[in-house]
Amino acid sequence: MVVDLIKEFPEIDIKKQEPLSKYTFTHTGGKADWLAFPESVEQVQQLVDFVQENDIPLTVIGNASNLIVRDGGIAGLVMIVTKMNQIKVEGNVVKAQAGATYIKTTQVARDHSLTGLEFAAGIPGSVGGAVFMNAGAYGGETQFVVKSATIMLPTGEIQELNNEALDFGYRHSSVQDNNGVVLEASFGLKPGNKEEITAQMDDLNARRAAKQPLELPSCGSVFKRPKGYFAGKLIHDAGLQGYTSGGVQVSKKHAGFIVNINNGTATDYLNVIHHVQKVVKEKFGVYLETEVRIIGRD
């Protein structure tokens, strides 16, 4: 069946054959057959129902920060939910839509003197992505602060899942298993001192800037932490810092990051990742599992 999603949904911002490199933090990735920017739960519902009825593949992307899209692009419909970005505060609970950035959400919590989200002050992803991946940093994890999340299943059914039902693990949530779309998350926080919260966030952001190659395009932390090891140290000890394929390089500033230094491609990224995995396995017997989400066609 040949469909024209732009004609089907004139009220939704939809682009055809759109390069995803314009949206990913790595500045790489092929084209999406269709790319939609829904602004409401109703629009998400319309799109999910339509692709379900017409057997069109669906991929949902948040802020595209911890993501590699292969150079062949993505078949079917891609939804980027960054226009769904409202954040509101109800008592000690911060409710944020999936497309709100995690950084902005931490700032709203700070401005209301609510503590608990400081660890996420520099995490560049969206709230939806943070729930999906159980994002964490500096000893904090999303699972410690999420009370519940509203998700839409592939069938279009909307469910509210409490913390237990989200089944959080290391860089994992049940949303990955049921192929759901995160619509909103509620964070249960505690009253705190605004100056102390600000100081902690500033300190973490300064530490991040000092250690991480924030000045270059990257997909953030590439590898999961292997049990008993640190991925960055293994890569450093393997002498891989500065290793380059095409325009992509293992960061000289932080071995756990892979950066785009000269118009690199997703294929360059994957070549570097596979080389790092191979060398670290040969030298130390440890297989580095990717944390970054890798999607799309070869």
Side-chain angles (χ1 to χ4, degrees), residues 5 9 12 14 20 23-24 32-69 74-87 93-102 105 120 123 125-136 141-188 224 290-296:
L5 289 177
F9 300 101
I12 301 177
I14 298 179
L20 291 165
Y23 307 94
T24 60
D33 289 354
W34 300 95
L35 179 61
F37 297 86
E39 296 183 28
S40 65
V41 172
E42 291 73 29
Q43 289 186 353
V44 172
Q45 184 106 50
Q46 288 171 6
L47 290 167
V48 168
D49 288 348
F50 186 83
V51 298
Q52 184 77 8
E53 288 163 13
N54 293 281
D55 204 24
I56 297 169
L58 173 66
T59 304
V60 181
I61 291 176
N63 215 27
S65 56
N66 196 212
L67 181 74
I68 293 172
V69 176
I74 300 179
L77 173 66
V78 177
M79 268 199 296
I80 291 183
V81 296
T82 48
K83 288 188 176 181
M84 295 172 57
N85 54 20
Q86 292 181 337
I87 304 169
V93 176
V94 174
K95 288 189 172 181
Q97 286 186 306
T101 67
Y102 218 0
T105 306
I123 294 177
S126 64
V127 164
V131 172
F132 185 87
M133 293 286 291
N134 186 20
E141 286 191 344
T142 300
Q143 64 174 322
F144 301 147
V145 283
V146 166
K147 281 186 64 173
S148 64
T150 306
I151 70 161
M152 186 180 294
L153 296 174
T155 58
E157 180 191 351
I158 294 175
Q159 293 185 344
E160 182 164 348
L161 303 181
N162 63 17
N163 185 288
E164 186 179 0
L166 286 163
D167 191 27
F168 286 115
Y170 179 54
R171 301 297 173 259
H172 174 270
S173 74
S174 62
V175 190
Q176 295 176 23
D177 304 327
N178 60 32
N179 294 316
V181 179
V182 179
L183 300 172
E184 184 180 77
S186 295
F187 299 92
K224 292 181 180 178
T290 50
E291 173 178 318
V292 63
R293 194 174 162 217
I294 301 167
I295 59 176

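Between Phe50 and Leu77, the closest side-chain pair of non-hydrogen atoms is not below 4.5 Å. Contact of the Val78 side chain with the Trp34 side chain is not registered, since no non-hydrogen atoms from C-beta on lie closer than 4.5 Å. The shortest side-chain heavy-atom distance between Asp167 and His172 falls under the 4.5 Å cut-off.
Taken to the nearest 0.5 Å, the OG1 atom of Thr59 stands 9.0 Å off from the CG atom of Leu20. Interatomic distance, Asn66 CG to Met133 CE, rounded to the nearest 0.5 Å: 5.0 Å. Atoms CD1 and CG, from Ile151 and Leu166 in turn, are 7.5 Å apart once rounded to the nearest 0.5 Å. Taking OG1 of Thr101 as the start and CG of Asn63 as the end, the distance is 6.5 Å to the nearest 0.5 Å. Going from atom CG of Leu47 over to atom CG of Leu5 covers 7.5 Å, rounded to the nearest 0.5 Å. Separation of atoms CZ (Arg171) and OG1 (Thr290) is listed at 13.0 Å; rounding is to 0.5 Å.
Pairs engaging residues 151-163 under the side chain to side chain donor-acceptor pair (under 3.5 Å) rule: Ser148-Glu160, Glu157-Gln159 [sequence neighbours left out].
The two residues Val81 and Gly62 have their closest heavy-atom pair at CG2-CA, 4.3 Å. Closest of all the heavy-atom pairs between Arg293 and Val60 is NH1-O, 3.3 Å. Across every non-hydrogen atom of Gly296 and Ile74, the tightest pair is CA-CG1, 3.9 Å. The heavy-atom pair separating Pro38 from Met79 by the smallest distance is CG-SD, 3.7 Å. Considering every non-hydrogen atom in both Ala100 and Thr105, the closest pair reads CB-OG1, 4.1 Å.
Not counting sequence neighbours, Phe168 has no partner by the ring pair (Phe, Tyr, Trp, His ring centres under 6.0 Å) test. Partners of Asp33 according to the salt bridge (Lys or Arg N to Asp or Glu O under 4.0 Å) rule, which considers only residues two or more places apart in sequence or in another chain, are Arg297. Not counting sequence neighbours, the partners of Ala64 by the side-chain contact (heavy atoms from CB on, under 4.5 Å) test are Thr24, Ile61, Leu67. Val41 is linked by a side-chain contact (heavy atoms from CB on, under 4.5 Å) to Met84, Met152, Ile158, Leu183, counting only residues two or more places apart in sequence or in another chain. Partners of Tyr170 according to the side-chain contact (heavy atoms from CB on, under 4.5 Å) rule, which considers only residues two or more places apart in sequence or in another chain, are Glu141, Lys224, Arg225, Glu291.
Gln176 places a side-chain N or O within donor-acceptor distance of the main-chain N or O of Phe132, the cut-off being under 3.5 Å. The main-chain N or O of Gly169 is found under 3.5 Å from a side-chain atom of Asn134 such that the two form a donor-acceptor pair. Between the side chain of Ser174 and the backbone N or O of Ala165 there is at least one donor-acceptor pair closer than 3.5 Å.
Each of Val181, Asn179, Val175, Asn178 was scored for a side-chain contact (heavy atoms from CB on, under 4.5 Å) with Leu153, with one residue passing: Asn178.
Judged purely by distance below 3.5 Å, without hydrogens or angles, the side chains of Thr82 and Tyr23 never pair a donor atom with an acceptor atom.
Heavy atoms from other residues, nucleotides or ligands lying under 6.0 Å from CG of Asp177 number more than 12.
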